[in-house]
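Heads up: the structure comes next, in structure tokens.
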Amino acid sequence: MRPRFSPVLDRRRMIGGAGMLGMLGLEGCTSLAQTTAWPSPSRTFAPVRASEDRLFDVTVCLRPFRAAGPRLDTEQVGDTLVVHNYGHGGSGWSLSWGSSTLAVQKAMASSPAEIAVVGCGALGLTSAILAQKAGAQVTIYARDWLPETRSARATGSWTPDSRIALTDKAAPGFPALWEQMARISFKTYRSYLGLPGSPVEWNDRYVVSDSPPGHPRPARAPGELDFAEYGDRILDITPNGTLLPRGSTPFPEPYVRHYSAMMFNIADYGHTLLTDFRLAGGKIVRAEFHTPSELAALKQKVVINCPGYGARALWKDESIVPVRGQIAWLIPQPEVDYGVQYRHVSMLPRRDGIVIQMLEGGDMRGYGDDNETPSHDEAMTGVSRIAELYGRMRAA
């Protein structure tokens with residue numbers, strides 16, 4: 001049987017080493033924006049206009065990584081039951097519905113009439129909506145509303161096992177738990193497809209390389225951690241990728257793989273979640289907590305705790321390690337409807353902007369780095385490589 005290519009598998013092979021595979025876009029040359037002869041089906045490629053004068057923002061987020069995986073246990077703080085739901089690394093949006101389903105089941109075990117949720121990011125909002133559906137009145141307490149949170153600065157791609165745990169630190173039952181969360185989330189996201197504003201949608205991705213598929217997996221570098229990879233557990237819901245014939249694409253490298261992936265347009269998707277929560281009677285209260293004991297002062301005696309990276313300070317949880325991620329934002333191009341990786345750079349076409357992200361260093365990139373100051377040099381490195389790609393295509 002021919003091995004499958006799956007975007008959630010072998011991240012080190014995809015983004016590590018000199019032969020990185022890359023997803024591709026097209027820069028400033030209108031002659032490239034035309035139908036290309038594809039095996040099946042044919043499609044049109046619109047060029048990405050990658051240049052500094054189209055760079056309108058640079059944002060940084062800190063992924064809350066825990067070696068053992070997300071914290072999903074409960075504890076009693078005074079007379080208040082606290083259900084933890086944080087520490088999902090780079091998989092917060094992807095696993096949010098599944099993880100929050102488990103959290104709400106624990107929170108509703110005593111059938112409380114009211115529930116408090118701490119945090120208004122991906123996990124906080126999905127926990128709140130699910131608690132409403134379970135019959136509770138819900139109040140979110142948060143210092144930042146969604147547009148101000150680190151969740152809003154995420155890439156917005158379906159990456160359910162991105163920095164989710166370390167292989168040797170996760171509990172023996174965690175892979176099965178991860179699979180449960182991933183399947184619940186994947187199924188739930190189907191209900192957001194096709195809505196106005198396209199909060200969730202599928203798009204084509206192209207991974208371009210000068211090395212043939214099946215080349216030896218890069219050896220783990222000294223000090224490189226063994227991040228868990230569980231994608232083989234959900235191959236039945238992961239679209240199969242294909243290696244395209246040489247010359248069948250406009251891309252300048254000999255090896256091009258195509259696959260389809262789900263993407264979250266976080267601006268539209270977040271607005272949809274906030275609207276759904278409010279229409280169901282939910283309330284949001286601006287609040288900042290400094291110690292767990294402050295949660296016991298809330299009138300709600302069941303709290304779902306979703307502070308993300310903020311748990312490191314609030315709960316003194318030093319098991320949380322920051323993993324810095326930066327995005328360079330180019331002015332949106334509605335005609336660009338595909339993603340590309342090229343020379344350790346990812347380009348994704350979100351509705352609110354063209355997202356450019358450096359991938360060099362693989363899963364270790366940004367590990368332990370809590371610097372949230374944007375780097376213009378890093379942004380321009382990514383933009384310049386995408387511009388180089390389109391320059392090569394233009395020259396060809």
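Note: hydrogens, waters and symmetry copies are ignored here, and every other heavy atom, side chains too, is used. Quantities reported herein were computed from a predicted structural model and do not represent experimental measurements.
- The residues Asp79 and Lys301 are annotated as salt-bridged, a charged nitrogen and a carboxylate oxygen being separated by less than 4.0 angstrom.
- With salt bridges taken as basic N to acidic carboxylate O contacts below 4.0 Å, none links Arg190 and Glu201.
- Under a 4.0 Å N-O distance rule, the pair Arg183/Asp236 qualifies as a salt bridge.
- The environment of CD in Glu388 is crowded: more than 12 heavy-atom neighbours from other residues, nucleotides or ligands sit within 6.0 Å.
- No side-chain donor-acceptor contact under 3.5 Å links Asp73 and His84.
- Note on residues 318-328: pairs passing salt bridge (charged side-chain N to carboxylate O under 4.0 Å, His left out), not counting sequence neighbours, are Arg324-Glu378.
- Under a 3.5 Å cut-off, the side chain of Ser151 and the backbone N or O of Ala122 do form a donor-acceptor pair.
- Residues Leu244 and Ser248 approach most closely at CB-OG, 3.7 Å, considering heavy atoms.
- Side chain to side chain, Asn265 and Ser198 fail the donor-acceptor criterion of an N or O pair below 3.5 Å.
- In this structure, Tyr189 has its ring center under 6.0 Å from that of Phe264.
- Within the structure, salt bridge (charged side-chain N to carboxylate O under 4.0 Å, His left out) pairs that include any residue of residues 113-125 comprise Glu114-Lys299 (at least two apart or interchain).
- Side-chain contact between Gln300 and Thr139 is present, with heavy atoms from C-beta onward closer than 4.5 Å.
- A salt bridge is defined here as a Lys NZ or Arg NE, NH1 or NH2 lying under 4.0 Å from an Asp or Glu carboxylate O, and Arg71 with Glu75 meets this definition.
- The shortest heavy-atom contact between Tyr230 and Asp161 is N-OD2, 2.9 Å.
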*Could you walk me through whether Arg343 and Glu360 pass salt bridge (charged side-chain N to carboxylate O under 4.0 Å, His left out), step by step?*
CA-CA 8 Å; Arg343 290 190 58 205; Glu360 211 156 22; over 6 Å; no
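- The pair Arg153-Glu372 counts as a salt bridge, with a side-chain nitrogen and a carboxylate oxygen less than 4.0 angstrom apart.
- Between Trp158 and Phe186, the distance separating the two ring centers is shorter than 6.0 angstrom.
- By the 30° and 60° cut-offs, the orientation of the rings of Trp97 relative to Tyr192 is parallel.
- Remark: aromatic rings of Tyr86 and His88 are distant, center separation not under 6.0 Å.
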